[in-house]
Structure formats: structure tokens, C-alpha cells
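One-based numbering along the sequence shown.
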Amino acid sequence: MTLAHPPAGDRAPAPAPAGGAASDSARAALATARAARAASLDRWLASLLTTAPPSDDAAADGAAPGGVAPEGVALVAVGSHARRELTPGGDLDLVLLHRGLAGVAEIADRVWYPVWDSGLRLDHSVRTVAEARTVARGDMKAALGLLSARRVAGDHALVDELRAAVLADWRADAPTRLAELSAMCRERWETHGELAFLLEPDLKEAHGGLRDVHVMHAVAASWVAPAPDARVRAAHDLLLDIRHALHQVTGRSTDRLVLQEQEAVARALGLMDADVLQRSIAEAARTVTYGASHLWRRVENFTRAKVRQPPGVPQGAGRRGVERRPVGDGAVEHEGEVVLARNADLNDPALVLRVAAAAAQTGLPLAPATVARLADRAALPQAPWPAEARDALVSLLGAGPAAIAVWEALDQAGLIVRLLPDWERVRNRPQRNPVHRFTVDRHLVETAAGAAALTRDVARPDLLLICALLHDIGKGWPGDHSTSGAVVARDIGARLGLPEDDVRVLETVVRHHLLLPETATRRDIDDPVTVQTVTSAVSGVPGREREVVDLLAALAVADGGATGPAAWGAWKAGLVAELARRAAAALSGGTPPPAPALAADHLALARHDGAAVRVTGSRITIAAPDRPGLLWRAAGVLALHRLAVKTARVISSPSVSPAQTAVLDFTAVPEYGTPPDPAGLEADLRRMLAGRLDVAERLERRARSVRIRPGVTVPPPRVMIVDDASRTATVVEVRAHDRPGLLWRVGQALGSCGLQVRAAQVDTLGAEAVDVFYVVDEQGRPLDDPDALAAVRTRILKTLR
């Protein structure tokens with residue numbers, strides 16, 4: 001049976017994380033209840049401080065007609081009551097502030113005892129301004145509370161004096177206090193986990209919870225970073241309403257939302273069910289976490305700058321401007337973030353993903369203003385995507401763990417669901433399974449990040465990364481998620497502009513992504529039928545069965561690692577690897593890399609006498625008498641002109657002219673900025689062919705002048721000798737992370753081994769290079785000596801490391 005994937009306009013929308021009339025009404029009632037309770041508490045507490053009972057119509061601000069507070073005394077709220085956010089189970093935090101009054105203990109008893117008798121949980125202290133200031137300097141919790149201090153009753157001037165003193169100290173000591181606060185937050189996050197991805201989260205203390213928003217306000221009070229924006233404040237209010245409903249439903253002071261309470265809390269908030277509640281929490285928590293990440297980055301920049309700045313020198317003195325270093329086409333690094341280049345073309349449909357990929361590949365965050373501008377003004381690719389946009393997506397995913405924060409930035413701006421509309425159905429979708437650590441969408445991104453470490457194990461790293469991103473996309477649809485996911489993945493593959501054959505591979509891998517782990521752990525892999533089960537399942541793409549098995553094996557590893565430690569271990573990994581090995585052996589050896597053949601336009605160009613060079617847009621074609629080193633020298637000229645080779649086809653054939661002729665056909669795009677002058681590029685290529693251009697010396701000089709940023713950690717390169725792929729040449733396959741001059745380095749290494757390239761098929765898939773070289777020795781014969789082959793592998797690997 002074939003599952004129909006409805007057209008976009010006919011698809012049922014995914015349930016909204018929150019909202020609706022019932023939810024809005026329920027939340028408004030909770031907010032009204034908190035405000036009324038805060039006003040009532042203020043009136044009552046003010047009456048306890050005064051020397052005579054207040055009248056019934058006392059003002060909400062604590063002023064009590066008929067009662068007079070003792071002189072030089074004030075009652076101050078800190079914490080949740082200071083913010084008028086006290087939920088039914090929250091603690092009441094109060095400070096009795098005085099000017100060294102001798103009888104203050106009696107006044108304190110007059111306030112504290114009635115509060116205790118009422119059953120409220122009370123955290124209290126009695127301080128002078130000097131004492132409060134001293135405590136705040138030594139106790140972070142006390143400092144955070146006093147930063148939000150609010151007068152309930154008593155001496156206005158005394159409270160103003162306290163607030164001014166605490167704020168002055170906080171700002172003066174910001175470099176050390178904020179570093180301390182950062183360490184405290186990280187310790188708390190380690191203890192309580194990440195709110196967005198917990199089945200039973202602590203709404204207050206987990207990463208992305210209420211405490212983080214309070215901390216953001218405290219950092220803003222230091223003037224180091226701005227206050228939380230409207231989106232973060234809205235997320236905070238939602239989490240506060242959920243906490244309020246939790247206290248109301250349970251009748252207990254608890255901040256942990258356990259599974260058995262979630263349906264009741266959802267009903268109290270007017271939400272459909274516990275799943276909608278969980279999606280609401282995930283969305284709010286991720287909004288808070290994203291906002292906090294930028295805030296802490298500003299704090300780190302501030303504290304580093306303070307450490308570097310000599311005492312007494314004004315901040316920023318001596319700076320002559322901030323360097324803007326290109327990190328990709330349309331993207332530059334500016335003060336530790338990636339921003340748009342001045343000449344970035346917002347009408348380019350690949351720009352959003354290309355800038356995101358540049359950020360991820362360099363391990364830098366996207367500047368919030370840049371993300372906002374891209375979301376507001378940049379064009380997005382339309383189906384089918386152009387190859388440049390698809391390559392940028394693959395490059396983004398190929399950055400590994402560094403891609404996660406960049407993806408989150410795009411997601412927070414609403415760009416992911418605009419790029420991939422089907423993403424909406426899995427976005428923030430909870431997985432009610434303790435084995436899973438993440439929501440469905442985050443699990444998909446984590447799997448792709450894990451798959452980036454396995455790109456050397458497959459012939460098509462681009463398909464591995466896309467399969468990883470989409471393998472559970474069916475969890476947003478009813479029925480078996482593998483079956484429905486295959487249909488959705490097929491549609492997305494077509495949207496991405498993948499060739500039909502690649503779409504079939506994508507569909508097959510998504511449909512069978514659980515095949516290897518389930519078969520390996522539930523069947524006897526020594527039984528021939530078990531292996532036959534695997535080979536039959538991958539037969540849907542004739543000629544690419546071995547490739548599909550390799551993709552399934554790598555995806556199983558990435559999927560298991562992203563799920564959680566309970567889902568993957570050494571035993572399971574060993575079984576899956578062995579089953580994949582046996583399935584690959586049972587297949588007919590797969591399809592070896594085909595030797596490139598001359599196209600008609602290549603033949604026409606190669607028939608010119610001497611040498612011919614043609615530069616047409618991003619395509620550069622060279623026909624010249626073959627000689628050792630021609631490939632790497634041509635690639636070096638392209639690197640000199642800051643061109644990144646996306647594809648290259650090299651054919652050496654004696655049949656088109658009396659002499660052995662080589663045809664080199666490159667597709668190359670600028671690393672950044674505008675393309676080089678075609679006339680200048682053609683002139684340098686001709687000088688290279690005439691032996692009048694020292695490519696190596698020029699490249700070395702350029703390399704010495706470039707400041708290299710470490711970037712992200714990538715898997716080590718892999719060099720393989722492909723047996724039985726050709727009878728007339730040795731086939732060397734190189735898989736490596738792409739970088740400027742990569743083809744030049746590999747070609748130079750082959751030349752240093754005395755080898756000549758007869759043919760080559762070079763492809764850059766995202767940020768990964770998969771290069772196949774057909775090489776012969778000086779007598780024109782393939783290599784057969786194992787030691788010589790080992791030396792070739794070693795030389796290439798040494799060049800790439």
C-alpha cells in the first residue's frame with residue numbers, strides 16, 4: 001500500500017504549541033489571581049507593620065490609613081512576591097529593613113508570627129542597609145533577591161537607599177559577580193537538565209526555566225546586556241502560568257511537572273492535552289535558552305575585555321576599528337559572531353543557508369540581528385531548490401555539533417519551517433519514552449550532527465546527512481513513522497532538488513532506518529535468511545544496494561547515539577556492524593566508481609592544436625597536452641583566484657589528437673565575494689600551461705598571509721585503494737573535509753609518488769570532498785605492489801593533516 005502525502009494546502013496542520021480562546025481565558029484568570037493575591041498580601045503585611053489596624057479600603061500599595069509604620073523601618077519584598085509572581089505554593093521572601101533601631105526584634109515578631117500562623121512559607125531577615133549590602137556582596141542568592149527588592153510598607157527613603165547601594169555594588173563588581181553567576185547557572189543546568197527536553201522537568205531550575213529569566217534581568221541590571229526581549233518575557237509568563245496551575249492542581253509547593261499531573265495541568269490551562277502542554281513548555285524553554293545564550297556571550301566578551309584592559313584605561317581605548325574577516329560567501333566574522341557581508345545579496349535564495357553553514361563550519365554563532373534580517377528580508381529557495389542551496393544545507397549539517405546552535409537560531413526566527421514546511425509537524429513534538437533524550441525535531445538535528453562524524457564511511461556524505469535529518473520525520477504523521485516518513489522524505493527530497501535516483505535512495509533509507517538495529521538484535525545473524533532480509537530490503541534502488549547498506553549502518557550509529565545511552569551500546573553497535581558487513585559481502589560488490597568519459601564539447605575543445613582554455617561563468621575547461629602535475633597545477637591556479645572547486649572531471653585520452661591530450665573540466669565558485677576577472681584567470685591558466693607561473697610558491701605565500709581560524713572538529717581524512725575498479729589504472733578514493741587548495745594538495749601528493757592522473761572525478765558535497773583518481777606509474781601501468789600502494793596512502797594522508 002502506498003501512503004499518500006497530501007498537498008501542502010490539504011494537510012492537517014500540526015497542533016499549535018499553545019493558544020486558543022480557552023487557553024487565553026484560563027491564563028488570564030491565573031494572572032488576575034496572582035495580581036489580586038499580591039495586592040491582598042501587600043495590604044495585610046502593611047497592616048502588620050503599622051501601630052494601628054488599617055481601614056478596610058487600604059490602598060493596594062501598602063499605605064494604611066489609620067496606621068503608622070515605625071520611623072526608620074520598612075518591609076521589603078524580594079523574590080517572586082517582589083515581582084508580583086507569587087504562585088500558590090511559592091515562598092514569601094521578606095526583609096525587615098531598619099536604621100539600627102534598638103527595638104526592631106519586637107517589630108519583626110509582630111510581622112513574622114502572623115505570617116507563620118497563616119501557613120505561608122516564609123523566608124525572612126532583619127537587616128540594616130549596611131548589613132544587607134554586606135550580605136549581598138558575599139551571597140549571590142541574596143544579591144539576586146535584593147536586585148528586585150520592592151517596598152511593601154514603611155520608609156520610602158530607606159528602601160531607595162538600599163536599592164541604590166545594592167545596584168551600585170552590583171555594577172561596580174560586575175566582572176567578578178557575573179562570572180560567579182555564570183558558574184552557578186552552569187552548575188544548576190548540570191543538576192537539573194534542559195527544560196525543553198525533559199519528560200518530567202523542573203519548571204524553575206532547569207535550563208530554560210523561570211530562574212534563567214530572573215538571572216537575565218539581574219545581568220541587565222549590571223548594564224552589560226539588555227533586558228529580556230518580548231519573546232523571552234512571553235515565554236516566562238507561560239512557564240509561570242504552568243507553575244501556577246501545577247501548584248493549584250496538586251495543592252503542593254512543587255516545581256517538577258511529573259507525568260501523572262500533566263493532563264490535569266493541561267486542562268487547568270485550557271489546553272487540549274498533555275502533549276500540547278509539553279510542546280508549549282519546549283517552545284518556551286527553547287526561547288529562553290536561545291535568548292540566554294546571547295546574553296551569556298555578551299557577558300563573556302565583557303569579562304574577557306575587562307581582564308585584558310589595563311587598570312585605569314577606559315574600555316575600548318586604543319581600538320582602531322573591529323576586524324571583519326570573511327568566513328564564506330556573503331558572511332564575515334565580526335566580534336566573535338557571523339554577520340552579513342556588506343555586499344551580501346539578499347535576493348540570492350541560497351544566502352540564508354550559506355551564511356548559516358559558514359557560521360557552523362567556523363564554530364561561530366550567528367549574530368541575532370543578522371538572523372532577524374535574514375528572516376525579514378532574505379529570499380528563500382523555491383522547490384526544486386538550486387544546487388547551491390542544497391549544498392549549503394549539507395555543509396551546515398556537516399559541521400557536526402556546531403550546527404545545532406546555528407539550526408536553533410534559524411528555528412527561533414521561523415526560518416526552518418519556511419524552508420521545510422513539513423518540519424512544523426515534528427517541531428517541539430515530545431517523545432514520551434524515557435529512552436529518548438530529545439523532542440523529535442531536536443533528535444533529528446542531533447542525529448545529523450552525529451552523522452557528520454561518519455561521513456568518511458560512506459560514498460555519499462550528503463545523502464547520509466539528509467537521511468539523518470529526515471529519518472524520523474514521519475513521527476509527525478499517523479501510522480508507522482518509518483512508512484509515513486519515507487513518503488514525506490520522498491517529497492522533501494524532490495523539494496530539495498535531488499536527482500530522482502538519489503530521492504529513491506533517501507526514501508529507501510528512511511523507510512528502513514531501523515532495519516539493521518532491529519534485525520541484528522532480534523534475529524540470528526548467522527542464519528543466511530537474516531542477511532537475505534537485509535539485502536532484499538535494499539534492492540529497491542538497483543545498482544546502489546551496497547551504498548544503501550553503508551548509509552543504513554552509519555545512520556544506525558548516529559541515530560542510536562542521538563537517542564540516548566539506553567538505546568546504544570558496544571554490544572548493539574557490534575551486532576549492527578557485523579550484520580552490515582555480511583550484507584555488503586552478500587551483495588555483488590556494489591558499483592565501482594565509473595571512469596569519466598569525454599563529452600562532445602570536451603572532444604571539440606581537445607582537437608585544438610596546442611592548449612585551449614575556456615572560462616564560462618563557474619565552468620573552467622582546459623585542454624592541453626598531458627604531462628605530470630597538470631591537474632594539481634591547474635587546481636592551484638583556481639585556488640590562487642580564491643575559487644573553491646565543486647566538481648572536476650579529468651580525462652586523458654590519446655584518441656582525440658596525435659599526442660596524449662588531457663581535458664580538465666572544473667566547476668568552481670568564489671570562496672567569498674565576487675568572482676575573479678575571467679580574463680585574469682584565463683591568463684594565469686595559460687601562463688601555468690606555458691611553465692611561466694610558479695603555482696606552488698604563490699600558494700605558499702598566500703597561505704602565510706592568511707590567518708587561519710581553527711573552525712570545527714572534523715573526522716580525519718580517509719584514503720582508499722578501490723580494488724577491481726579498473727584494469728588499466730589504480731583507483732584512489734579520497735574522502736576529506738573540503739578546504740581551499742585541497743585538490744592541489746592531493747594532486748601534488750600523487751605527483752610526488754611518481755604517479756600520473758589519467759582520469760579524475762572530484763565532487764564537493766556540502767563541506768565534504770569525495771575525490772576519485774585513476775592513476776598510473778611512469779610506464780603507464782597500474783600499481784600492484786602493496787608497499788607502493790601503502791606509500792601512496794601515507795603520502796596523501798600526511799599532506800591532508
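Remark: the backbone N or O of A729 is paired with a side-chain donor or acceptor of S726 at under 3.5 angstrom. Judged by distance alone, with hydrogens and angles left aside, the side-chain atoms of R633 form no donor-acceptor pair with the main-chain N or O of V695 at under 3.5 Å. The backbone N or O of L800 lies less than 3.5 Å from a partner atom in the side chain of R739, making a donor-acceptor pair. With R758 contributing its side chain and V776 its backbone, the two residues share no donor-acceptor pair below 3.5 Å. Not a single donor-acceptor pair under 3.5 Å links the side chain of S395 to the backbone N or O of D391. The main-chain N or O of A468 is found under 3.5 Å from a side-chain atom of H471 such that the two form a donor-acceptor pair. For T799 (side chain) and R795 (main-chain N/O), a donor-acceptor pair under 3.5 Å exists by modelled atom type.
Residues D777 and Q756 have side chains that never bring a donor and an acceptor to within less than 3.5 angstrom of each other. A donor atom on one side chain and an acceptor atom on the other are found under 3.5 Å apart for N301 and R304. A donor and an acceptor atom, one from each side chain of R735 and T455, are nowhere located under 3.5 Å apart.
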Practice item. Output, in order, the C-alpha distance, side-chain angles, deciding distance and verdict of side chain to side chain contact (heavy atoms under 4.5 Å, CB included) for L699 and W744. Key: CA-CA 10 Å; L699 280 174; W744 173 70; 3.4 Å; yes

Point to revise | side chain to side chain contact (heavy atoms under 4.5 Å, CB included) assessment of L419 paired with W385 | key: CA-CA 10 Å; L419 288 162; W385 285 18; 4.1 Å; yes

Exercise for review: Given side chain to side chain contact (heavy atoms under 4.5 Å, CB included), test V770 with T764 step by step and report yes or no.
Suggested key: CA-CA 6 Å; V770 180; T764 303; over 6 Å; no

Exercise for review: Dump the intermediate steps for side chain to side chain contact (heavy atoms under 4.5 Å, CB included) on V327 and V332, then the final yes or no.
Suggested key: CA-CA 5 Å; V327 293; V332 296; 5.5 Å; no

Point to revise | From CA spacing to verdict: salt bridge (charged side-chain N to carboxylate O under 4.0 Å, His left out), R456, E768 | key: CA-CA 9 Å; R456 305 294 176 270; E768 299 299 315; 2.3 Å; yes

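Using a 4.0 Å cut-off between a side-chain N of Lys or Arg and a carboxylate O of Asp or Glu, E337 and R297 qualify as a salt bridge. With respect to E671 and R642, no salt bridge is recorded, no charged nitrogen being found less than 4.0 Å from a carboxylate O.
You'll find the side chain of I492 stays beyond 4.5 Å of the side chain of L506, heavy atoms only. Counting heavy atoms from C-beta outward, V645 and T667 have side chains that stay 4.5 Å or more apart. Residues V746 and W632 have side chains not in contact (no heavy-atom distance under 4.5 Å, counting atoms from C-beta outward). Looking at heavy atoms from C-beta onward, E333 lies out of side-chain contact with T362 at the 4.5 angstrom threshold. Looking at V772 and V732, their side chains never come closer than 4.5 Å, going by heavy atoms from C-beta outward. Counting heavy atoms from C-beta on, the side chains of L693 and V637 come closer than 4.5 Å.
Atoms OG and CD, on S293 and Q412 in that order, are 9.0 Å from each other to the nearest 0.5 Å. We find the CG-CG distance between L393 and D462 to be 10.0 Å, quoted to the nearest 0.5 Å. The OG1 atom of T370 sits 9.0 Å away from atom NE2 of H334, with the distance rounded to the nearest 0.5 Å. Here the CE-CG distance, from M688 to L630, works out to 5.5 Å after rounding to the nearest 0.5 Å.
Annotation for A635 and F666: closest pair N-CZ, 4.4 Å, computed over non-hydrogen atoms. Residue A489 comes nearest to V510 through the heavy atom pair CB-CG2, 3.7 Å, listed as atom of the first residue, atom of the second, then distance. Closest heavy-atom contact between L454 and A558: CD1-N, 4.1 Å. Closest approach of G330 and A344 over heavy atoms only: O-CB, 3.8 Å. Taking each heavy atom of A634 and L685 in turn, the nearest pair found is O-CD2, 4.2 Å. Taking every heavy atom of both residues into account, P386 and Q382 meet most closely at CD-O, 4.5 Å.
Applying the salt bridge (charged side-chain N to carboxylate O under 4.0 Å, His left out) rule to R354 yields the partners D329, D348; only residues at least two apart in sequence or on another chain are considered. Every residue meeting the salt bridge (charged side-chain N to carboxylate O under 4.0 Å, His left out) condition with R504, not counting sequence neighbours, appears here in chain and number order: E500, D501. Residues that satisfy the side chain to side chain donor-acceptor pair (under 3.5 Å) test with R718, not counting sequence neighbours, are D457. Partners of E388 according to the salt bridge (charged side-chain N to carboxylate O under 4.0 Å, His left out) rule, which considers only residues two or more places apart in sequence or in another chain, do not exist here. Listed by chain and number, the residues in a salt bridge (charged side-chain N to carboxylate O under 4.0 Å, His left out) with D684 are R687, R698 (sequence neighbours excluded). Residues passing the side chain to side chain donor-acceptor pair (under 3.5 Å) test with R495: none are found, sequence neighbours excluded.
Among D502, D550, D763, the single residue meeting the side chain to side chain donor-acceptor pair (under 3.5 Å) criterion with R460 is D502.
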